[in-house]
Amino acid sequence: MQRADASASTALRPYIKAHYHFQFLSAAFRFGLFSILEKDPGLAVKDIAVRLGLNEQPTRILLLGCTATGLLHKDGDGYHNTELTRPLAENLDQAPAAYIPWESQGIYRAIGWFAEALDQDSNVGLQREIAGTAPTLYGRLAENPELESAFHTMMGSVSQLVAEEIVERIDLSGHRHLLDVGGGTAINAANLARKWPHLRITIGDLPSIAALAEEKIADMGLADRVDAVSLDAFRDEFPSGPDAVLFAHFLEIWSADRIRGLLARAARQLAPGGGLFVVTPYQNDEETGPERSAYLSAYFHTIASGEGMVYTPKEYEQWFTEAGFEPTRRVLLGPDAVAICGRKV
């Protein structure tokens, strides 16, 4: 029995000690350690301490943590980045570097309230750890400018990666006017407009986001085919005219009932044959993974809204049918996202 317990303890250690791993990573990134070592590999402790602006013993502790967990390797007295950390030395506004400030500032403490969020069936992490009065994360971001900046940098990097897949994998050749609900600052719209020069695109988002989108659209020289309108997706009817509707990384934030309401709004504005495209993180129909679907589901429930999760394609297809759409195709977008396509009956 003792041997079994020891084996289980060893196997569980990465789960039990995961918080230390993140602290080593986050602190090193915050102080710019990976960028320093990429420019000057092989620095010794004393030189690194000077560059970081830390005393020598705290520097030794940070370097020990990063070396023991594989973030750095040591050769003699000198420290070097590894394959894991070289991508964190530059392009700090792109994945994977863009994830770290958001995880540190927006998620790390708040997700510690996960059990309470399950028990109370609400986003307790948001209420306890992120200042403000709005009931969802997206309202509170406006009250926390530094956090809002970290969030939009992270989302911009995620959206850019997914947008490239959307452009290549979703066929919009048969549509003339796309409504991009919750389309943010035009990342998807810009990529789609370049891919489909015949397509007009309208972004519908909250007033402050729509204003930012309009500025970006003008800067990119796309104002003749892309526009942004103020839209509260839960209160306002969708604008008439589009023959296709896109929900990209939006529906999973909300409850099943809210999703049904949004799909019904789309159905009311589309004529028969109109297209419906839902881009969402992927969870398999067996509800066993992948891991990212579990992470995001905990995040939506504990922090973001208190009601969403990563739903399965099978669930979306059922909701499509209920709203008057025929599901036509599933398209995997990399390992972690899926596009569920349909047409108005």
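One is the number of the first residue; the rest follow in order along the sequence. Both backbone and side-chain heavy atoms feed into the values below; hydrogens, waters and symmetry mates do not. All figures in this text were calculated on a predicted structure; none of them were measured in a lab.
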Q: Check whether any side-chain heavy atom of Leu333 sits under 4.5 Å from a side-chain heavy atom of Ile166, and report yes or no.
A: yes
(Q) For Val45 and Asp77: C-alpha separation, side-chain torsions, deciding distance, then whether side-chain contact (heavy atoms from CB on, under 4.5 Å) applies. (A) CA-CA 8 Å; Val45 172; Asp77 291 331; over 6 Å; no
Q: May I ask you to decide whether Lys216 forms a salt bridge with Asp219, counting only side-chain N to carboxylate O separations under 4.0 Å?
A: no
Q) Would you say Phe31 and Ile36 make side-chain contact, with heavy atoms under 4.5 Å? A) no
Q.
Walk me through whether Phe250 and Thr280 qualify under side-chain contact (heavy atoms from CB on, under 4.5 Å).
A. CA-CA 7 Å; Phe250 183 71; Thr280 185; over 6 Å; no
(Q) Are there over 12 heavy-atom neighbours, none belonging to Arg60, within less than 6.0 Å of that residue's CZ? (A) no
Q: Treating Ile, Leu, Val, Met, Phe, Trp and Tyr as nodes and any side-chain heavy-atom pair under 4.5 angstrom as an edge, say whether Phe247 and Val229 lie in one connected cluster.
A: no
Q. Would a hydrophobic clustering, with Ile, Leu, Val, Met, Phe, Trp and Tyr connected at side-chain separations under 4.5 Å, put Met220 with Leu199?
A. yes
Q: On the 0 to 90° scale, with breaks at 30° and 60°, tag the Tyr316-Tyr311 ring pair as parallel, tilted or perpendicular.
A: perpendicular
Q.
Keeping Ser104 on the side-chain end and Ile100 on the backbone end, is there a donor-acceptor pair under 3.5 Å?
A. no
Q | Gap between atom CD1 of Ile107 and atom CH2 of Trp102 - 0.5 Å precision | A | 6.0 Å
Q) Sub-3.5 Å donor-acceptor pair from the side chain of Arg265 to the main-chain atoms of Phe234, do we have one? A) yes
(Q) Test: ring pair (Phe, Tyr, Trp, His ring centres under 6.0 Å). Region: residues 173-206. Which pairs qualify, not counting sequence neighbours? (A) His175-Phe277
(Q) Evaluate Asp171 against Ser173 for side-chain hydrogen bond (donor to acceptor under 3.5 Å, both in side chains), listing each step before the verdict. (A) CA-CA 6 Å; Asp171 183 6; Ser173 60; 2.7 Å; yes
Q. About how many Å separate CG of Asp232 and CG of Leu206, when rounded to the nearest 0.5 Å?
A. 6.0 Å
